[in-house]
Number of protein chains: 2
Amino acid sequence: MNMFIPANPYDMNCPSRDLLDLIGDKWSILIVCCLQQGPVRTGALMRQVGGISQKMLTQTLRELETNGFVERISYPEVPPRVEYRLTELGISFSALARTMEQWVIAHYEQILLHRDQAQGA
Amino acid sequence: MNMFIPANPYDMNCPSRDLLDLIGDKWSILIVCCLQQGPVRTGALMRQVGGISQKMLTQTLRELETNGFVERISYPEVPPRVEYRLTELGISFSALARTMEQWVIAHYEQILLHRDQAQGA
DNA sequence: CTGAATCCAAGAAGATACTG
DNA sequence: CAGTATCTTCTTGGATTCAG
């Protein structure tokens with residue numbers, strides 16, 4: 001049934017557009033990077049990713065789950081304990097996410113300086 | 001004057017957050033990839049990036065310009081002719097953008113399949 | 001052709017309150 | 001602790017129109 005239609009992000013109707021959105025999403029990137037060293041609990045994620053609301057955290061985790069990036073692990077305990085773990089696909093993506101993070105960190109100062117320049121001019 | 005405050009995307013108040021948004025932006029990525037082989041005219045970009053509105057094209061190009069990713073080249077002709085060209089920083093980013101594009105294309109099918117699975121379950 | 005400005009609808013995201 | 005639901009706010013982005 002699968003026609004092997006190749007992905008083409010330049011086509012506005014290609015589903016890969018959504019994927020591009022997902023992997024470019026700020027929260028996705030930060031969350032996935034947090035999960036690189038191993039499973040992390042919900043509350044810990046909340047604390048690590050500064051400023052994320054509980055809603056956006058859950059929502060992003062669900063999207064990552066739906067697309068096969070993370071696995072949700074629920075322990076039958078009281079109070080509840082839930083962890084999220086990268087899948088193989090998620091690990092693959094986390095490398096990219098980390099690259100993005102590093103790129104930003106590496107060029108941060110240069111870009112800020114250019115911005116100030118542009119403002120002054 | 002510069003204190004060399006390191007970038008920290010996990011801090012909601014760090015300007016690197018905005019950068020992360022910019023380099024993760026769908027339009028940014030597609031546009032920058034279009035510019036990889038050399039300067040491109042506005043109209044050509046419009047046609048290559050399927051579904052982008054004139055507003056978003058201009059807006060994204062301005063942001064890329066402000067942050068030092070692209071240069072705007074305006075020729076004194078009638079009718080007007082404008083080209084956009086990657087700066088050195090832009091070229092650096094374009095490598096990352098291309099990686100993102102390629103990652104999506106490479107994992108496209110696997111992710112779609114997982115989505116269907118999740119739906120069926 | 002390039003692009004700026006306006007208007008407006010749709011969607012994103014925060015805050016809050018509540019459940020298991 | 002983890003997650004859902006609702007409400008409200010406001011940003012995003014498209015369509016349109018006008019100008020150089």
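What you see below is based on every heavy atom in this structure, not just the backbone, and it leaves out hydrogens, waters and symmetry mates. Numbered from 1 within each chain, the chains take letters A, B, ... in sequence-line order.
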- Item | Stepwise side chain to side chain donor-acceptor pair (under 3.5 Å) test for B:Q36 and B:S94 | CA-CA 7 Å; B:Q36 266 194 324; B:S94 77; 3.2 Å; yes
- Message: Are A:L64 and A:Y84 packed together at the side-chain level, in the sense that at least one heavy-atom pair is separated by less than 4.5 angstrom?
- Response: no
What is the distance, to the nearest angstrom, from the [atom1] atom on [X] to the [atom2] atom on [N]?
{"X": "A:E77", "N": "D:dA2", "atom1": "CD", "atom2": "P", "answer": "11 Å"}
{"X": "B:E63", "N": "D:dT12", "atom1": "CD", "atom2": "P", "answer": "9 Å"}
{"X": "A:E65", "N": "D:dG3", "atom1": "CD", "atom2": "C1'", "answer": "13 Å"}
{"X": "B:I31", "N": "C:dT2", "atom1": "CD1", "atom2": "P", "answer": "14 Å"}
{"X": "A:Y75", "N": "D:dC1", "atom1": "OH", "atom2": "C1'", "answer": "15 Å"}
{"X": "A:I73", "N": "D:dG3", "atom1": "CD1", "atom2": "P", "answer": "12 Å"}
{"X": "A:L57", "N": "D:dC1", "atom1": "CG", "atom2": "P", "answer": "14 Å"}
{"X": "A:R17", "N": "D:dG13", "atom1": "CZ", "atom2": "C1'", "answer": "14 Å"}

- Query: What does B:Y84 touch in the nucleic acid at a heavy-atom separation under 4.0 angstrom: a base, only the sugar-phosphate, or nothing?
  - Reply: sugar-phosphate
- Does anything in residues 5-25 of chain B pair up under salt bridge (Lys or Arg N to Asp or Glu O under 4.0 Å), and if so which pairs, sequence neighbours excluded? A:K26-B:D21
- Can we say A:R85 and A:E71 salt-bridge, meaning some charged N sits less than 4.0 Å from an Asp/Glu carboxylate O? yes
Check this one for me: any side-chain N or O of [X] less than 4.0 Å away from OP1 or OP2 of [N]?
{"X": "B:T42", "N": "C:dG3", "answer": "yes"}
{"X": "A:R41", "N": "D:dA2", "answer": "yes"}
{"X": "B:R72", "N": "C:dT2", "answer": "no"}

- Is a side-chain N or O of A:S28 found less than 3.5 angstrom from the main chain of A:I23, in a donor-acceptor match? no
- Query: Got more than 12 heavy atoms from elsewhere within 6.0 Å of CD, A:E88?
  - Reply: no
- Query: When you check every protein heavy atom under 4.0 Å of nucleotides 11-20 of chain C, what one-letter string (B, S, -) results, 5' to 3'?
  - Reply: --BBB----B
- Message: Parallel, tilted or perpendicular: which one describes the rings of A:W103 and B:F69, with boundaries at 30° and 60°?
- Response: tilted
- Message: Heavy atoms from C-beta onward define the side chain here; which of D:dT4, D:dA2, C:dC1 lies closest to that of A:T58?
- Response: D:dT4
